[in-house]
Colleague: 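Below is the structure I would like to discuss, written out as C-alpha cells.
Start at 1 with the first residue, then count along the sequence. The figures here come from the full heavy-atom set of this structure, side chains too, leaving out hydrogens, waters and symmetry mates.
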Amino acid sequence: PQRRLTFRLMEYCFGFIFRFPPDGNTSDKVVIRGPKNDVENAKTQLLELVNEKKESSFSAEVRANPQYHKFLIGRGGANIKKVREQTGARIIFPSSGDPDQELITIMGK
C-alpha cells in the first residue's frame, strides 16, 4: 500500500511511470516510462541510489550477555560513541521489548 502510493505520487508529480517487480519476485528489472530525458534522469538517480545502498548495507550481528552491554556502551555512551565516530558504523542494542536481549546489530559500510 505505501509503495503503491509513493509510485503513484511519483507518476503524478514527475510524469513518468515506474514498474517494479512484484513482492516475492526474484527479478531485479525496473521499467521506467515517460519522456526520454526524464526517464534517463530517473534511471541515473535510481542506479546511484542502488550503488549507495550496496556500499552502505553491510551488517553483522554480535551476541553479548545483556549484563555486559553497559560496559560496551561505556559511561554516558563514551565507548559506543568513540566506535561510531571512528568507524561510521551504526550499533543497535536491543530495547527492553526485544525478544532477543543478547543480539547487537552493527550496520555500516
Side-chain angles (χ1 to χ4, degrees):
Q2 179 69 29
R3 189 167 120 171
R4 277 192 224 123
L5 175 61
T6 302
F7 297 129
R8 286 181 194 214
L9 285 172
M10 291 169 84
E11 177 183 343
Y12 175 76
C13 295
F14 303 110
F16 47 83
I17 299 171
F18 287 92
R19 296 215 190 283
F20 288 83
D23 290 337
N25 189 321
T26 58
S27 172
D28 60 357
K29 183 178 178 180
V30 176
V31 177
I32 308 169
R33 293 193 178 162
K36 184 176 181 173
N37 289 340
D38 292 342
V39 168
E40 288 298 323
N41 188 25
K43 177 182 174 183
T44 300
Q45 290 183 31
L46 279 175
L47 289 173
E48 287 175 7
L49 287 172
V50 167
N51 288 333
E52 182 180 311
K53 184 69 174 169
K54 282 181 184 177
E55 290 175 5
S56 64
S57 64
F58 182 79
S59 67
E61 295 178 345
V62 177
R63 295 181 117 15
N65 190 316
Q67 70 185 17
Y68 300 121
H69 290 188
K70 62 183 176 185
F71 300 111
L72 296 171
I73 294 169
R75 185 176 299 244
N79 293 341
I80 208 70
K81 183 178 179 182
K82 184 177 178 181
V83 170
R84 287 177 177 157
E85 288 173 351
Q86 289 179 350
T87 65
R90 183 172 170 217
I91 303 163
I92 304 166
F93 285 84
S95 65
S96 60
D98 288 334
D100 189 347
Q101 290 294 300
E102 290 187 355
L103 186 65
I104 301 168
T105 304
I106 305 166
M107 298 168 56
K109 296 181 179 182

Colleague: Would you please name every residue forming a side-chain hydrogen bond (donor to acceptor under 3.5 Å, both in side chains) with N79, sequence neighbours left out?
Modeller: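 So N79 forms no side-chain hydrogen bond (donor to acceptor under 3.5 Å, both in side chains) with any residue.
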
Colleague: Kindly indicate whether the side chain of E61, heavy atoms from C-beta on, has any atom under 4.5 Å from the side chain of I106.
Modeller: no

Colleague: Does I80 share a hydrophobic cluster with V62, counting links as ILVMFWY side-chain heavy atoms below 4.5 Å and allowing steps through other members?
Modeller: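 Yes, same cluster.
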
Colleague: Are I91 and L72 close enough that some pair of their side-chain heavy atoms sits under 4.5 Å apart?
Modeller: no

Colleague: Going by the ring-ring contact (aromatic ring centres under 6.0 Å, His included) test, which pairs reach into residues 72-109, not counting sequence neighbours?
Modeller: H69-F93

Colleague: Taking all atoms of both residues into account, what is the closest heavy-atom pair of S59 and M107, and its distance?
Modeller: CB-CG, 3.9 Å

Colleague: Can you tell me if R63 has over 12 outside heavy atoms packed within less than 6.0 Å of its CZ?
Modeller: yes

Colleague: I need the I73 CD1 to I104 CD1 distance, nearest 0.5 Å.
Modeller: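 The CD1 atom of I104 is 7.5 Å from CD1 of I73, to the nearest 0.5 Å.
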
Colleague: Does atom CG of D28 have more than 12 heavy-atom neighbours, drawn from other residues, nucleotides or ligands, at distances under 6.0 Å?
Modeller: no

Colleague: Measuring from atom NZ of K81 to atom CD of Q86, what distance do you get when rounded to the nearest 0.5 angstrom?
Modeller: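 Interatomic distance, K81 NZ to Q86 CD, rounded to 0.5 Å: 12.5 Å.
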
Colleague: Please confirm whether the backbone N or O of E102 pairs with a side-chain atom of D100, one donor and one acceptor, at under 3.5 Å?
Modeller: yes

Colleague: Anything under 3.5 Å between a donor and an acceptor, one on a side chain of residues 39-48, the other on a protein residue two or more places apart or in another chain? List them.
Modeller:
residue, atom, partner, partner atom, Å
N41, OD1, Q45, NE2, 3.1
T44, OG1, E40, O, 3.0

Colleague: Take a 6.0 Å sphere around CZ of R90 and say whether it holds more than 12 heavy atoms from other residues, nucleotides or ligands.
Modeller: no

